[in-house]
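To start, the structure itself, in structure tokens.
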Amino acid sequence: MKINNGKFAQTAPRAAGSAKVFFFCGPDEAGVHGAAARIVELLPDPGERVDIEGSELKRDPVRLSDETRSTSLFGDRRHIIVRAQGEEAHDALKILTDAPEAEVAQGWPVIVIASGATDKSRSAKLLEKRDDALVVMFYPPDLRSVTAEVRRLADGAGLRMGAELAQRIAASVALDTRMAAAEVHKLALYLDADSHAPRSVTAEHIDAIGAETEDDGMMPLVDAVISGDVARLPHELARFRQHGLNPVGTVLAMERRVAQLAQIAARIRPGENIAKAVENDPRIFFKERAAIARQMQQWHGPKLARLSDRLIALHRALLADSQAAPLLFAAGCTEIARAAGARR
């Protein structure tokens, strides 16, 4: 079965009880990992976690089938997480799904986190028509969908939270649902909240637990790069290294910002004042409006499409060579900032 990411939340509970193979892919890395965590959470009895790298399956594709039929030392239940790049898991999935359906049904659940793959990949096509499999491609989310996810997480954690505060959290973590979940968890601990003892959240509570995150976050660097603030870039790159932030996660934040710019551009009428349109758009977090208006002036039409392609290429390069990732990341940020700066 294949669904779009918008239907994942409502499909996940049923799929966790009936499917045996899950294939999560797409450019939204946070969404992919969040989906894998959600399925594990929903499994009737997840048991022991077994991690397998896609590179291992590429060398030994039979291993996946062996693992689904194996037992732990104490006979406990298991679930298997595969972290693959592109089509690394294809041959292993082919061997697994060539087995009779009853045999697959008796095996342990397999959750494939397929960075760099799409729902058009051979692995996805192998699974998409099977009743015992679920394929989902996750696209970069928009502010509205992440705000809704924050409210869902808050409800589950016993937090009463309005839309404006949920939107603030979504924007502060650059629409990264994993970071949003961490912020909600911190709030619940701070307020000693749970489903049996709900607590109301205020802006002061978010200030109290979010000050460090906002100060040390990746968005100042994202804005410096896409806005073309070449003078501020060395400082932001130094701060980025000092706090040990993730290059891939930051490029994903840039990709989400570019997707957001494209969505906003589609809503602006020909001849409309961009700054005013951004200022009056309630879907844009108020603290980001100035930066977004500036970036809308610099990146539009084909230029915005080329920026998106450049970020995707940078993302792939970082995944392909983790050792050179810091150097590739700094060079990519500098290239984009200079291109944006030339248009200021």
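One-based numbering along the sequence shown.
- When atom types are taken as modelled, the side chain of Arg232 and the backbone of Val230 share no donor-acceptor pair closer than 3.5 angstrom.
- Each of Val135, Val104, Val21 was checked for a side-chain contact (heavy atoms from CB on, under 4.5 Å) with Arg130, and the lone residue meeting it is Val104.
- Looking only at distances, no side-chain donor or acceptor of Ser121 sits under 3.5 Å from a matching main-chain atom of Ala117.
- For Asp223 (side chain) and Ile226 (main-chain N/O), no donor-acceptor pair under 3.5 Å exists by modelled atom type.
- Cluster annotation: Tyr139 is not connected to Val251 through the hydrophobic network of ILVMFWY side chains, with a link wherever side-chain heavy atoms come within less than 4.5 Å.
- The residues Asp155 and Arg151 are annotated as not salt-bridged, no charged nitrogen and carboxylate oxygen being separated by less than 4.0 angstrom.
- Considering only heavy atoms from C-beta on, Ser308 comes within 4.5 Å of Ile312 through its side chain.
- Between the side chain of Gln85 and the backbone N or O of Ala320 there is no donor-acceptor pair closer than 3.5 Å.
- Side-chain atoms of Arg289 come within 3.5 Å of backbone N or O of Asp281 as a donor-acceptor pair.
- Side-chain atoms of Glu87 come within 3.5 Å of backbone N or O of Arg122 as a donor-acceptor pair.
- Side-chain atoms of His79 come within 3.5 Å of backbone N or O of Pro46 as a donor-acceptor pair.
- Phe8 and Phe138 have perpendicular rings, their planes meeting at more than 60° on a 0 to 90° scale where under 30° would count as parallel.
- Between Ala277 and Glu272, the shortest heavy-atom contact is CB-OE2, 3.5 Å.
- For Glu53 and Lys58, the salt-bridge test fails: no basic side-chain N is under 4.0 Å from an acidic carboxylate O.
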